[in-house]
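Here's the structure, in structure tokens; my notes come after.
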Amino acid sequence: QVQLVESGGGLVQPGGSLRLSCAASGSIFSINTMGWYRQAPGKQRELVADITNVGGTNYVDSVKGRFTISRDNAKNTVYLQMDSLKPEDTAVYYCNAPEILTTNYEYLEVWGQGTLVTVSS
């Protein structure tokens, strides 16, 4: 009914940059907050950053000043610009929308399938 599709992961050297994208599609009426989580091997999934539909943002301390989250409401798409990447940023990155209002007036929480980011020389 509604899905999130991520793209943009890959292998990058320390200090490099990547841009992740996540597009929502389906029977969408509106989307409130959209966010990015990550899960490194052997660790719990953590919130990296999120953004409300009016542009309010929130970041985990470890990425402040290096990552920037943004969104295009007309395209139902959220982006994560990742600069000055470090090996400890290596993880599977997941897109999340905790409250999507569908055209059937149902509220859904939806996760993307994940995209792998590897930071290594």
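Sequence positions, counted from 1, serve as the residue numbers for this chain.
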Testing the 3.5 Å rule here: is there a donor-acceptor pair between the side chains of D72 and T77?
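Not at all, the side chains of D72 and T77 share no donor-acceptor pair under 3.5 Å.
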Pairing donors with acceptors under 3.5 angstrom, does anything connect the side chains of R38 and Y93?
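Side-chain D/A pair, R38 to Y93: present.
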Quick one: does [X]'s side chain get under 4.5 Å of [Y]'s, heavy atoms only?
X	Y	answer
S120	L11	yes
V2	T102	yes
L18	V119	no
V48	M82	no

Pair K64 + D61: basic N to acidic O under 4.0 Å:
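Counted as a salt bridge, because a side-chain N and a carboxylate O are separated by less than 4.0 Å.
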Donor-acceptor pair, distance only, cut-off 3.5 Å: does the side chain of [X] make one with the backbone of [Y]?
X	Y	result
R45	Y94	no
Y59	I69	yes
E6	G114	yes
D83	F67	no

Which atom of [X] lies closest to which atom of [Y], heavy atoms considered:
X	Y	value
A49	L80	CB-CD1, 4.4 Å
S21	W36	O-CH2, 3.6 Å
S70	I51	CA-CD1, 3.9 Å
R66	D89	NH1-OD2, 2.8 Å
S17	S84	OG-N, 4.4 Å
L47	V60	O-CB, 3.4 Å

Gap separating the [atom1] atom of [X] from the [atom2] atom of [Y], nearest 0.5 angstrom:
X	Y	atom1	atom2	answer
L4	S25	CG	OG	8.0 Å
T118	Q13	OG1	CD	13.0 Å
I100	Q1	CD1	CD	9.5 Å
I31	L108	CD1	CG	10.5 Å
C95	D50	SG	CG	11.0 Å
N73	N53	CG	CG	6.5 Å

Mind checking who shares a hydrophobic cluster with Y105, ILVMFWY linked at side-chain heavy-atom distances under 4.5 Å?
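Members alongside Y105: F29, L101, Y107.
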List in chain and number order the residues that pass salt bridge (Lys or Arg N to Asp or Glu O under 4.0 Å) with R19, two or more places apart in sequence or in another chain; answer none if no residue qualifies.
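R19 satisfies salt bridge (Lys or Arg N to Asp or Glu O under 4.0 Å) with no residue once adjacent residues are dropped.
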Check the surroundings of atom CD in E88: do more than 12 heavy atoms from other residues, nucleotides or ligands lie under 6.0 Å from it?
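Yes, because the 6.0 Å sphere around CD of E88 holds more than 12 heavy atoms from other groups.
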Transitive ILVMFWY side-chain link Y79 to V63, under 4.5 Å:
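Each belongs to a different hydrophobic cluster.
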